[in-house]
Protein chains: 2
Amino acid sequence: MTAEGSRGAVYRQEDDYDRRMSPYDPSAYPPFAVTVDLVVLTVRRHALCALAVRRGEPPFQGRWALPGGFVRPDEDLGAAAARELVEETGLCAHDPGTPLPEAGNGAHLEQLATYGAPERDPRMRVVSVAHLVLAPDLPAPRAGGDANSARWAPVDELLDQEGGFGREEEQPVPLAFDHARILADGVERARSKIEYSSLATAFCPPEFTVGELRRVYEAVWGVALDPRNFHRKVTGTPGFLVPSGGTTTRQGGRPAQLFRAGGATLLNPPMLRPEV
Amino acid sequence: MTAEGSRGAVYRQEDDYDRRMSPYDPSAYPPFAVTVDLVVLTVRRHALCALAVRRGEPPFQGRWALPGGFVRPDEDLGAAAARELVEETGLCAHDPGTPLPEAGNGAHLEQLATYGAPERDPRMRVVSVAHLVLAPDLPAPRAGGDANSARWAPVDELLDQEGGFGREEEQPVPLAFDHARILADGVERARSKIEYSSLATAFCPPEFTVGELRRVYEAVWGVALDPRNFHRKVTGTPGFLVPSGGTTTRQGGRPAQLFRAGGATLLNPPMLRPEV
DNA sequence: ACAAAAGTGTTGGATTTACACCCATGA
DNA sequence: TCATGGGTGTAAATCCAACACTTTTGT
């Protein structure tokens, strides 16, 4: 352990930091590392998937983890998350003020929660501000050019503590650190938020059909919805969808109207998630 | 500025902190101070109020601020918030796992959001994990024995950027730091959460009447509710309230049944907040 | 012609609202 | 007796789930 910056050192523990004067006295407060971790969700092949990166170094070497990195000395938390997102996926999400939901270039980014248990990283005291990203279906992820060190995985698979091997040769090992918990919290947030907000459109391309939007709800909630009532509901909610004029038959069947996301962010009345 | 720990110093900016090996290398990551700030809400005299403490030192000397303090080196975030709460109010709220809502000794504590804009504290780089506390009406707050350095203030008054002087001689100055934003976020969270959860009971004493619970909703939402429909709604929602057997006439009029909070945390169907 | 997906109409039941009305106490 | 808050009944309006049925394409 070095003299300063290590756990267990003795600091002047003034509870009311607000009453302190000295501007920069490192001995007066315990230093933490602050990082951002990203829960990046998308809907692929009718399943809710999250972005995972493979760890190349200990601890948890070889295990899957959420993407993330340090917050820089002069960077806001949301900006750090947006930067990491670009670096890991090429996705551009506009940085909102910390807890403001906001759509950027298709993707939605918001702060999720902060995780700071003392032993969550065995190397040092790390406080991680997790962020949630909802993105449309993307090409295979790049991670520093290295393929197969990053992938989209169904969240059920990543959270499955039991067996449940993926179709591939992937192992059912839990995620590194407390990332399973973070991912579960992010998934829960997404599930409840599409109920009363228009966020489900963040999973869709710029133009989409009502059926495509319905399949997003079905994948995120893991339920089947009545296509007819769903159609009435979403087209009848003011500000949710605006027709873009075109039609498509990319799903087969009768041509479907194309829509864009409307201006409304809060849905009133909300979408109803079927019981159990 | 001292050599290390100050803004603008140059660190090895590895984006992927997960790939680093060295356990405790302070030059490898930028150190932050991590604090918790508390939004403590209660309902007093038919108004939603928040706990504010007066700052005795610069910056923002003499201004009102939210209570808070440093996270200790071996302390979890929720534990730090619970500790600060006890120190400032004597209230006991059980520490939940980070984002888990949980009731302790009457009060509810949950993580709210994290604020880390680079210039939010002029002294140093501080990341503050804000927590939300919902408490029943309390005796006058104590703050280190010093009265009049802590008070309950109506949130409207604390958030009013314009005039709107309080009844007292209090000034309409905005809160210190970014605490107005934090308070506003906390209030918004409380307003929306009592809609679909049983959290409104956290504002009530252990035993309360339906009318008292209704006045909580009215104060938090700032609306008037129909007492008759409200009664049917809350008593008809399974798990929300359980009769404690007793009655009271402390509100005058016909004796009212006393209830305790039931086991349910999520309300289905939710309470409906009247439009506009 | 047939399958598949999009969309409209209709109906019965549940929920919500608005308000009339009665109940039990203290002053 | 009156004022005050507690609590029940009821009818109209609204919302929602279920499903029959029509439309428009590709094969």
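Just so it is clear, the values below take in all heavy atoms, side chains as well, and ignore hydrogens, waters and symmetry mates. Protein chains get the first letters and strands the later ones, always in sequence-line order, with residue 1 at the start of each.
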So, Phe259(A) versus Phe208(A), ring centres under 6.0 angstrom or not?
no
Return the value, rounded to whole Å, for the distance between atom CG of Leu225(A) and atom P of dA6(C).
13 Å
So what does Arg250(A) touch, heavy atoms closer than 4.0 Å: a base, only the sugar-phosphate, or nothing?
nothing
Roughly how many Å is it from CE in Met271(A) to C1' in dC16(D), rounded to a whole number?
12 Å
Face-on cation placement of Arg45(A) at Trp152(A) ring, 6.0 Å and 45° thresholds
no
Going by heavy atoms in the side chains, are Thr201(A) and Leu213(A) under 4.5 Å from each other?
yes
What's the spacing between Glu88(B) CD and Leu38(B) CG if we round to 0.5 Å?
7.0 Å
In whole angstroms, the gap separating P of dG5(D) from CD of Glu218(B) amounts to 12 Å
Which sits closer to the 5' end of DNA chain D, Pro255(A) or Asp226(A), going by the nucleotide each is nearest to?
Asp226(A)
Quick one: the side chain of Arg232(A) and the base of dG9(C), do they pair up donor-acceptor inside 3.5 Å?
yes
Specify the separation, in whole Å, of atom NE2 of His231(A) and atom P of dT8(C).
5 Å
In whole angstroms, the gap separating C1' of dA17(D) from CZ of Arg273(A) amounts to 18 Å
Of the listed nucleotides dT24(D), dG7(D), dG5(D), the one nearest the side chain of Val210(B)
dG7(D)
Distance, rounded to the nearest Å, where Glu195(B) contributes CD and dT16(C) contributes P
13 Å
Leu272(B) has an atom CG; how far is it from atom C1' of dA14(C), in whole Å?
14 Å
Backbone N/O of Arg191(B) and side chain of Trp221(B): donor-acceptor pair under 3.5 Å:
yes
Find which nucleotide of DNA chain C each of Arg254(A) and Asn229(A) is nearest to by heavy atoms, and output the residue with the more 5' nucleotide.
Arg254(A)
Write down the distance between CG (Asn268(B)) and P (dT16(C)), rounded to a whole number of angstrom.
10 Å
Proximity to the side chain of Arg228(B) - top-ranked nucleotide from dC21(C), dA17(D), dG7(C):
dC21(C)
